[in-house]
Amino acid sequence: MIQQPTLFPLKELGHLVEVEANKRRLILASVSLFGFVLLSIYGVAHISIDESRLGSFYVICAAFCAANLVYLYKRTSYAIPLAVLNTTLGGICVVLLYRGMTEGFEPYWLFPVLCISLLINRFAHALASAVLLVALTMAAQMLGGLSLLDTPFAENSGLRLLLSLSSMACIVLVTVYRTERASKLLLELHEEDVHRLAYYDSLTGLANRPSYLRWLGKVLERARNDSHGLAVLYIDLDNFKQINDRYGHREGDRVLVEFGNRLANCVRPQDGATRLYADEDVARLAGDEFVITLHNLREPADAAQVAHRILALFENGFRVDGLTHPISASIGITFSECDKLDAETLLNQADSAMYHAKQTGKNTMSFFSKSIAEAVSERRNIEQALQVALAQDLLHLHYMPIFSSNSLEMVGVEALIRSRHPLLDAAGPERFIPVAEVSGQIRSIDAWVLRQAVGMQSQLRELAAFTGRMSINVSATELHNPELPVTLAACLAEHGVPPEDIEIEITETALIIGDELSLRTLHQIRDTGVSICLDDFGTGYTAFSQLMNYPVSTLKIDRSFVQQIFSGDKTHRKMAGMLKKLAALYELQVIAEGVETAQQLKYLKRIGCDSVQGYFLARPMTAEDLIAHLQRPPGTS
Ligand code: C2E
Ligand code: MG
Ligand code: MG
């Protein structure tokens, strides 16, 4: 069980320590200023009455005080001004005691000097200077021939002076001692807190990234000649952001603390791990990212066992304080013999494996391998390029015409995303859209495409009297975005485009059966009057009977299917025919995409496909080309 970190009010402590230091500087500055004024006046006064030696001494002391003031103004440390003040005070005492001895005046000035000394010094120094002052006074009294004890008490001014000096010193010293104890305690607390912050995560009490890396480095060093393996498991929570969005950061924090506890309990001594050197074998690296280390493993399967145990924590949702959160974990594992790698590399490998696990569907584990490293690096580059493309407006749309298979008239266009970023241009949407889906960038991309494509549809109607439909691809992950139907309706209203002019394409494979949220969003889209097309149909596993549940009006037969129609295997041809018949039964429109030959077109027309699209008829083109094409009089090409 992880101990909850004590909540040290670090900020307040730091502030108090600062206040304490400032207070001392202020005292020193005030005393220096007071000394400067007083000693300057005394100095000048003594010089003017021909006491030039004493007068000069006072002026020099005043100069020291002035130097102190300058130093305190420019620097934050106060050790040197303190030493200067103590020396000045000591010098004044010696000179005045000597003068008092020779000229016989009463040493009442000793009281303010003692006060100042006790005020400016820390306890140990204050004690020493009080003892020194009392001793000096005693010595001077005796050297001056004044007996402390011989005369009756009432007449013995020397003894009375010493007694009152000593008792005054005692009272002030007790006060100094107490305040000093308090500020020392404060400092100790502060230092402990700074230490905790430097090495431990303040929320979960687990080790933090720097201390984990330092610790792992030490473990690897000690295990240089060990024949056993070591595994690093990098764990990232899936959909954690939704908790923060839905219930606020407090609940998010509670989930993180609870997960930290349960994670630590997942690692048992028999896993060849843990608690061997310290508590750092379970650490929180950042946000919802955790890491655990397992030592003395025989084989990777031992690490997989622990990973399964962690995944099992999320089997029926993650329950905290009566709330069940639909989160899971993606786990990346790297297994290594200890003598091979350094801590940073091991952690990076586990991180890459985790990234891969996330990309391949979340709630799963993945072992690090070289091919994974390459794939991850490519995906990371794409993610960064998408960031740049979004920020610098490097995205644009191409439009692919869709034709009626009977009349070969253009009945619609499909908006397809393109990018001027060289990396994205080379990768194409087939590769960068899935990356955007995992990274969450798809929300901005799809919203941008929606606005752009609806705007284009309005232009096509105005400039080219286009009567066809605009098909817009929307990622299935966006069906979890409750804002989608609202954004769509707002776009239509903004551009004055009737909803019947728009069709939303959702990939069949991405639809999850029984996903209530997606289904609700689809119905909301349908309610706006916009039609829905199931894209890439035939590549997923949607049974025809299930189509009844989806508010779809069009099926788009996948390119791969169409291309295999004449590949020699007759089954595809038959299946295409079957598909069309079934679609007719459910009153669905059918589009075939990827038509590349006249033969394919002829066949698809024969089996009754309503519309076709493919390179044989037209390739995706820019907005300008499409407008120019539509504006051309019929018959010209
Ligand atoms: P999709 O929606 O199935 O789009 C059809 C893809 O097939 C397009 O590729 C198109 O250029 C290609 N295609 C059409 N006819 C032929 C043909 O005859 N031969 C060949 N070889 N290819 C043909 P593209 O533009 O690379 O898009 C790939 C996929 O990326 C799309 O498949 C769609 O799933 C996704 N995508 C494209 N644009 C967007 C978008 O704006 N938003 C989202 N969420 N996804 C998009
Ligand atoms: Mg499509
Ligand atoms: Mg398709």
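Each ligand, and each atom within it, is numbered from 1 in the order the structure gives. Keep in mind that the numbers below use all heavy atoms, side chains included, and drop hydrogens, waters and symmetry copies. Given the structure is predicted, the values throughout are model-derived calculations rather than measurements.
The pair R559-E430 meets the salt-bridge criterion, with a side-chain N (NZ, NE, NH1 or NH2) lying under 4.0 Å from an Asp/Glu carboxylate O. R284 and D201 are joined by a salt bridge, as a carboxylate oxygen and a charged side-chain nitrogen come within less than 4.0 angstrom of each other.
Among the atoms of E505, none of the N, O or S atoms falls under 2.8 Å from the Mg ion (ligand 3). E593 lies apart from the Mg ion (ligand 2) in this respect, since none of its N, O or S atoms is found at a distance under 2.8 Å. Here D536 fails the criterion, with no N, O or S atom under 2.8 Å of the Mg ion (ligand 2). Because the distance cut-off is set at 2.8 Å, N473 qualifies as a neighbour of the Mg ion (ligand 2) through one of its N, O or S atoms.
Under the 6.0 Å distance and 45° angle rule, R380 counts as a cation-pi partner of Y355.
Within D535, the N, O or S atom at minimum distance from the Mg ion (ligand 3) carries the name OD1.
When heavy-atom distances to ligand 1 are checked against 4.0 Å, the residues falling inside are M400, E414, L416, I417, R418, P429, E430, I433, D446, V449, N473, V474, S475, E505, D535, D536, R559, Q563, E593, G594, V595, E596, G614, Y615, P620, ordered by chain and number.
Using modelled atom types, no side-chain atom of D288 and backbone atom of D236 make a donor-acceptor pair closer than 3.5 Å. Looking at E289, its side chain never comes within 3.5 Å of a backbone N or O of A286 through a donor-acceptor pair.
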Item to check | side-chain contact (heavy atoms from CB on, under 4.5 Å) between E503 and S553, intermediate numbers included | outcome: CA-CA 9 Å; E503 184 154 83; S553 54; 4.0 Å; yes
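Between F259 and F318, the ring planes are perpendicular. Angles over 60° get that label, and only those under 30° would be called parallel.
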